[in-house]
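In what follows, every chain begins at residue 1, and chains take the letters A, B, ... in the order their sequences are listed. Below, each value reflects all heavy atoms present in this structure, side chains not excepted, and no hydrogens, waters or symmetry copies. Being a predicted model, the structure only gives us computed values, none of them experimental.
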Number of protein chains: 2
Amino acid sequence: MLSQKTRYTIRALQHLADHWRQGPVRLDAVAEAQNIPRKFLTVILSELVREGLVISHRGRDGGYELALPPVDVRYGDIIRLTRGSLALVPCASRNAHEHCANCLPEAECRLRGLMLTLRDEMAAMLDRMTLADAITVEPPFADEMAGESAPLG
Amino acid sequence: MLSQKTRYTIRALQHLADHWRQGPVRLDAVAEAQNIPRKFLTVILSELVREGLVISHRGRDGGYELALPPVDVRYGDIIRLTRGSLALVPCASRNAHEHCANCLPEAECRLRGLMLTLRDEMAAMLDRMTLADAITVEPPFADEMAGESAPLG
DNA sequence: ACGCTTGTCTACTAAACAGGTAGAGTTAAA
DNA sequence: TTTAACTCTACCTGTTTAGTAGACAAGCGT
């Protein structure tokens with residue numbers, strides 16, 4: 001799962017992307033529009049500023065704006081930034097590789113093999129999408145529970 | 001990230017799959033071969049027994065074995081079982097859907113749209129692979145850091 | 001029936017992390 | 001020089017993770 005903080009981060013960035021080239025957006029505006037606790041959002045945005053993804057303007061009429069055009073901010077980058085890695089296990093990360101604790105030698109670990117493949121598929125998709133993409137949300141739910149019935153129930 | 005427990009679970013099941021139809025495998029054998037703390041493994045295996053994925057045999061010459069052929073145990077099922085869902089956000093789960101806290105209405109949430117698509121890609125891959133598949137681990141690392149250079153560095 | 005080996009179950013705990021909050025300080029436009 | 005912003009360090013509280021302890025139950029072989 002993505003942490004709540006990562007989700008807030010993504011939604012905040014989406015909001016800034018929506019207001020690209022419209023001048024700084026105030027923190028409260030983001031907090032209200034995106035339903036993010038105000039105080040927590042200060043922490044999140046400050047980090048994004050430190051990381052260079054967002055620019056802040058202090059003083060009156062200040063606020064935040066993206067540091068680069070939405071089309072240049074890929075979702076993969078955002079998740080790498082906030083989570084450290086796209087991978088589902090430390091040893092399957094391509095940019096922040098770490099040995100897993102209590103594991104087999106990496107060359108023998110099938111879980112690692114699987115997770116490397118999975119990571120690459122996820123990366124391919126997340127690096128294709130940027131903050132500039134309009135994402136259409138699918139219609140309701142219901143008829144989508146199919147395909148889940150399996151040997152296990 | 002998958003929790004350590006989920007990783008242990010998968011490796012334990014792989015071990016049982018490797019010894020399919022060779023009689024019960026003792027807990028200690030699994031613990032040693034897979035480098036899993038013995039006491040913790042009892043918890044993990046007991047849960048798998050309760051969930052019907054593994055059968056246990058008590059008494060002398062007892063141990064554990066898979067309840068069904070390895071080819072019928074998909075990785076997707078294992079992760080659904082231990083994590084509850086494949087999705088990266090609660091609202092993007094197909095079999096354990098939940099509203100996210102402090103979010104937008106689901107129909108408007110672009111993060112949800114993105115995560116639904118991602119979930120489906122992950123599911124497609126994880127439901128294609130089973131415990132019967134030999135997974136080849138890729139060669140070393142090194143030349144694989146390419147493709148990471150981006151607007152962000 | 002006995003004893004050994006092996007799994008089962010409930011409870012507990014230490015440490016880390018998640019998700020926030022408080023509040024004093026700094027900037028810059030009007 | 002006021003005031004509406006952002007910034008920074010510190011703190012807090014609840015939950016989850018990763019285990020451990022220890023008494024108990026069940027088969028197998030003799």
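Spacing between atom CG of A/L48 and atom P of D/dC6 amounts to 14 Å, rounded to whole angstrom units. The CD atom of A/Q4 sits 14 Å away from the C1' atom of D/dT15 (whole-angstrom rounding). Protein atom CD of A/E47 is 12 Å distant from nucleotide atom P of D/dT9, rounded to whole Å. Following rounding to the nearest Å, B/R83 (CZ) and D/dT16 (C1') show an atom-to-atom distance of 14 Å. When rounded to the nearest whole Å, the span between CZ of A/F40 and C1' of D/dT13 equals 14 Å. For A/I55 and D/dT7, the CD1 to P distance is 12 Å, given to the nearest whole Å. The nearest whole Å value for the distance from the CD1 atom in A/I44 to the C1' atom in D/dC6 is 15 Å. In this structure, the OH atom of A/Y64 is 12 Å from the C1' atom of C/dT27, given to the nearest Å.
Side chains of A/E106 and A/H99: a donor-acceptor N/O pair is present below 3.5 angstrom, by distance only. A donor-acceptor contact under 3.5 angstrom links the side chains of B/S3 and B/T6, judged on distance only.
Of the candidate nucleotides C/dA30, D/dT7, D/dA25, D/dT7 has the atom nearest to the side chain of A/S46. Considering only side-chain atoms of B/V43, the nucleotide from D/dT3, C/dT8, D/dT20 that sits closest is D/dT20. Comparing C/dT26, C/dG19, D/dG19 by their nearest atom to the side chain of A/R58 picks out C/dT26. The side chain of A/K5 lies closest to C/dG19, out of C/dT27, C/dC4, C/dG19. Of the candidates C/dT8, D/dC8, D/dG19, the closest approach to any side-chain atom of B/V49 belongs to C/dT8. Of the candidates C/dG19, D/dC28, D/dC6, D/dC28 carries the atom nearest the B/D61 side chain, counting heavy atoms from C-beta on. Relative to the side chain of B/T42, the nucleotides C/dG19, C/dT8, D/dG19 differ in distance, and C/dT8 lies closest.
Contact annotation: A/S56 does not reach the phosphate of D/dA5 (side-chain N/O to OP1 or OP2, under 4.0 Å). Within the 4.0 Å cut-off from OP1 or OP2 of D/dA5, at least one side-chain nitrogen or oxygen of A/R26 is found. Within the 4.0 Å cut-off from OP1 or OP2 of D/dT17, not a single side-chain nitrogen or oxygen of B/Y8 is found.
Positionally, the nearest nucleotide of DNA chain C for B/V25 lies more toward the 5' end than for the other of B/V25 and B/N102. Residues A/P37 and B/R60 each lie close to DNA chain C; by heavy-atom proximity, the contact nearer the 5' end of the strand is made by B/R60.
Inter-residue side-chain proximity for B/Y64 and B/L27 is flagged as met; some heavy-atom pair is nearer than 4.5 Å.
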Next item on the list: In sequence, state the C-alpha distance, the side-chain angles, and the governing distance for B/L68 and B/L53, and then conclude on side chain to side chain contact (heavy atoms under 4.5 Å, CB included).
Entry: CA-CA 7 Å; B/L68 22 60; B/L53 199 45; 3.9 Å; yes

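Within 3.5 Å, a donor on the side chain of A/K39 pairs with an acceptor on the base of C/dG23, or the reverse.
Contact check on A/E47 versus A/K5 returns a salt bridge, with a Lys/Arg side-chain nitrogen under 4.0 Å from an Asp/Glu carboxylate oxygen. Using a 4.0 Å cut-off between charged nitrogen and carboxylate oxygen, B/D120 and B/R94 count as a salt-bridge pair.
Within the nucleic acid shown, A/R50 comes within 4.0 Å of sugar-phosphate atoms alone, with no base atom in reach, counting heavy atoms only. The residue A/L27 sits close only to the backbone: its heavy atoms come under 4.0 Å of sugar-phosphate atoms, none of a base.
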